[in-house]
Amino acid sequence: MENKKLVENAINTIRFLSTDAINKANSGHPGLPMGTAAIAYTIWKKHMNHNPNNPNWINRDRFILSGGHGSMLLYSLLYLSGYGLTLDDIKEFRQIGSKTPGHPEYGHTVGVEVTTGPLGQGFATGIGMAMAERFLAGRFNQNDSKIIDHYIYGIVTDGDLMEGVSSEAASLAGHQKLGKLIYFYDDNKISIDGSTDLAFTEDRGKRFEAYGWHVQYVDDGNDIDAIDKAIINAKSDERPSLIICKTIIGFGLPTKQGTSKAHGEPPGVEEVRAAKEAMGWDPDKDFYVDPEVLDYWRELKSKGDDVEEEWNKKYLIYKDKYPEYGIEFERILEGKLPENWDAGIEYFPADEKGLASRVSSGKALNMIAKNLPDLIQGSADLHPSNKTWIDGSEAATNENPAGRNIHYGVREHAMGAAANGLALYPGVISACSTFFVFSDYLRPVIRVSALSGYSTIWVFTHDSIGVGEDGPTHQPVEHLASLRCIPNLVTIRPADANETIEAWKIAVERNDGPTALVLSRQNLPTLDRNVYSDVKMVKKGAYVLADVGDEEPEMILLATGSEVDLIVKAAEILASKGKSVRIVSMPSWELFNNQSDEYKDSVLPKTISKRLAVEAGVSFGWNKWVGDQGKTITLDRFGESGPANQVFEKFGFTVENVVEKALSL
């Protein structure tokens with residue numbers, strides 16, 4: 001029979017570790033940890049299959065704290081369960097260099113499954129995690145053996161459900177019948193401004209029922225038995241589950257519970273003393289963990305070993321019965337790409353007409369996908385335009401879990417979050433696509449992917465005023481500069497079909513951060529590599545295509561993407577006028593910036609100050625590469641509707657204008 005006093009103490013330990021850490025830091029959010037401690041206890045102790053001794057066990061259940069501001073709840077759970085955090089780490093909450101930052105960061109703290117904090121992100125990323133679980137199950141499970149079979153649990157907040165991304169993601173999850181998803185809604189009726197009645201009065205349960213979710217209600221968020229029964233019911237339903245729990249924000253804080261003051265203010269020493277006294281806790285002890293309570297929590301380590309060992313036994317039988325699947329499964333666990341994954345790639349011959357880089361991207365994607373079963377992609381209702389469909393594979397659905405093509409619908413933000421969730425799993429290389437101008441709708445998730453080191457591949461087509469008739473609403477001009485500002489994001493704008501192949505290879509091989517591929521709608525001539533440098537130099541970020549003229553170069557022409565053809569043709573004319581010109585293709589500022597000073601100087605010698613950069617976007621940032629004496633042909637205004645060739649001509653993106661500007665240097 002369960003020791004109720006021990007359980008009560010185990011839950012209160014979460015509460016008071018959290019408040020003590022927040023008070024010591026004089027910063028943090030006590031409301032969520034105090035209010036949801038019993039929910040978290042029930043999930044972690046009664047239902048989650050996980051192993052603190054092996055946080056990377058592939059078949060573990062995942063836990064998402066979508067309300068990342070309540071991070072002390074998660075840190076308390078990780079410490080108590082034995083994930084490697086120490087009591088000193090708890091005491092260093094929100095301090096520089098600590099393992100317990102203000103919001104949970106994936107890759108920084110062991111046991112944190114996903115970066116959360118920006119509200120709605122955890123909720124929506126979990127949708128991708130559920131898709132990844134289903135995809136790997138469809139790929140590896142056999143009728144008599146399920147080696148991938150786990151749940152994604154989460155605690156979500158009012159703020160999460162108010163954010164638009166959660167609406168997009170919930171709609172998608174319901175449509176996809178992602179039954180391994182179980183979210184608890186911390187329904188405490190309080191937001192920062194005050195009561196949620198100020199701005200949030202719809203019936204959330206009916207809303208999620210309309211999305212196709214299984215919805216349950218728990219009247220008391222401290223009722224462990226009711227929470228337990230709700231989880232059991234959720235597991236028996238094929239739909240994603242939302243369990244709406246009535247909670248009290250800051251539960252136990254005598255003057256602040258149930259008020260907005262409990263959300264994001266340190267409770268104060270006297271408030272916590274009073275709470276401890278009321279709950280039978282020694283008010284003079286801070287960061288106190290009863291040894292019996294710690295032993296009780298640490299039982300999860302031995303339980304986790306047992307659960308994983310049972311799985312290991314099943315896996316050995318599986319591997320013996322299905323050896324080819326076993327070999328492939330162990331490859332993905334090691335984080336390796338298949339041998340010769342790029343063996344089927346064929347480069348394109350020189351062609352003045354060429355291909356739009358969105359078209360060559362689609363061809364590259366399919367050449368790679370044949371030998372890379374890990375690759376899965378989706379589009380925001382733009383597969384025919386983005387050219388991202390993986391041929392020979394079906395759409396991913398509940399009936400076809402191994403499908404490698406995802407119909408995200410017009411839900412760019414949720415698509416990006418889901419793509420991040422997919423990227424969190426071994427054996428999944430996650431790509432998603434839309435028009436480049438709509439990268440604005442994706443910026444929060446791109447930023448999170450870069451901050452967290454998710455290897456998501458962002459495919460953006462229709463990359464400039466070359467969109468033409470659709471006009472300035474669909475013509476991205478500031479977007480390249482915007483992406484280049486994001487640390488740890490590699491942005492590549494290839495100049496032709498073969499640079500596009502190399503861009504895909506770079507993106508697939510990158511395992512420490514995201515890559516954005518920026519692709520044209522219009523055709524780009526395919527360069528003759530017998531004349532110009534080896535296309536594999538794309539990995540350097542910028543490289544010398546050719547030096548044209550009889551003497552050492554006196555000027556440098558730089559460009560990216562579709563504008564590389566302009567500088568190639570302009571250089572030929574300049575050479576006929578007696579000028580010696582260096583042509584530099586610069587598909588990725590980030591990759592180039594990471595090269596040695598010696599290499600960078602070899603491409604852009606300091607001795608050559610006459611430099612002209614050409615790019616159909618804003619000039620922001622180009623000064624770094626052209627210097628004070630250089631010039632740019634760029635576009636520091638919005639575009640205009642009209643045939644693409646006429647729009648380019650109007651804004652000076654012509655060979656003649658490049659020649660004129662170069663001669664004026």
Once rounded to the nearest 0.5 Å, what's the spacing between atom [atom1] of [X] and atom [atom2] of [Y]?
X	Y	atom1	atom2	answer
Asn12	Ile14	CG	CD1	9.0 Å
Gln121	Ser66	CD	OG	8.5 Å
His413	Asp440	NE2	CG	12.0 Å
Ser18	Leu77	OG	CG	8.0 Å
Trp297	Leu78	CH2	CG	10.5 Å
Asn420	Thr125	CG	OG1	5.5 Å

**Prompt:** Step by step, would you call Val112 with Leu65 a side-chain contact (heavy atoms from CB on, under 4.5 Å)?
**Reply:** CA-CA 9 Å; Val112 172; Leu65 182 64; over 6 Å; no
A cation-pi test, strictly: NZ or CZ of [X] under 6.0 Å from the centre of the six-membered ring of [Y] and no more than 45 degrees from its axis. Yes or no?
X	Y	answer
Arg239	Trp213	no
Lys246	Tyr217	no
Lys235	Tyr151	yes
Arg204	Phe200	yes

Does [X] come within less than 4.0 Å of [Y], counting only side-chain N to carboxylate O?
X	Y	result
Lys303	Glu308	no
Lys180	Asp149	yes
Lys189	Asp187	yes

[X] and [Y]: side chain donor to acceptor below 3.5 Å:
X	Y	result
Ser171	Arg411	yes
Asp160	Thr157	yes
Thr196	Asp158	no
Asp186	Thr247	yes
Ser71	Arg94	no
His47	Asp228	yes

Please confirm whether the backbone N or O of [Y] pairs with a side-chain atom of [X], one donor and one acceptor, at under 3.5 Å?
X	Y	answer
Asn23	Gly268	yes
Glu113	Arg62	no
Glu271	Thr255	yes
Glu168	Ala414	yes
Tyr185	Leu161	no

As a quick check of understanding, evaluate side-chain contact (heavy atoms from CB on, under 4.5 Å) for His263 and Leu32, giving each step before the final call.
CA-CA 7 Å; His263 170 77; Leu32 188 150; over 6 Å; no
Taking the six-membered ring where the residue is Trp, are the ring centres of [X] and [Y] under 6.0 Å apart?
X	Y	answer
His150	Tyr425	yes
Tyr288	Phe16	no
Tyr454	Tyr106	yes

Write down the atom of [X], the atom of [Y], and the distance for their closest heavy-atom approach.
X	Y	result
Ala419	Ser430	O-OG, 2.8 Å
Asn53	Pro55	C-CD, 3.8 Å
Arg273	Pro283	NH1-O, 3.4 Å

Heavy atoms from other residues, nucleotides or ligands near [atom1] of [X] exceed 12 (cutoff 6.0 Å):
X	atom1	answer
Lys301	NZ	yes
Lys45	NZ	yes
Leu198	CG	yes
Tyr83	OH	yes

Leu6 meets the side-chain contact (heavy atoms from CB on, under 4.5 Å) criterion, sequence neighbours left out, with Asn3, Glu292, Val293, Tyr296
_Test side-chain contact (heavy atoms from CB on, under 4.5 Å) applied to Tyr183 and Ile243, step by step_ = CA-CA 6 Å; Tyr183 282 169; Ile243 301 170; over 6 Å; no
From the list Asp284, Asp282, Asp20, side-chain hydrogen bond (donor to acceptor under 3.5 Å, both in side chains) partner of Lys276 resolves to Asp20
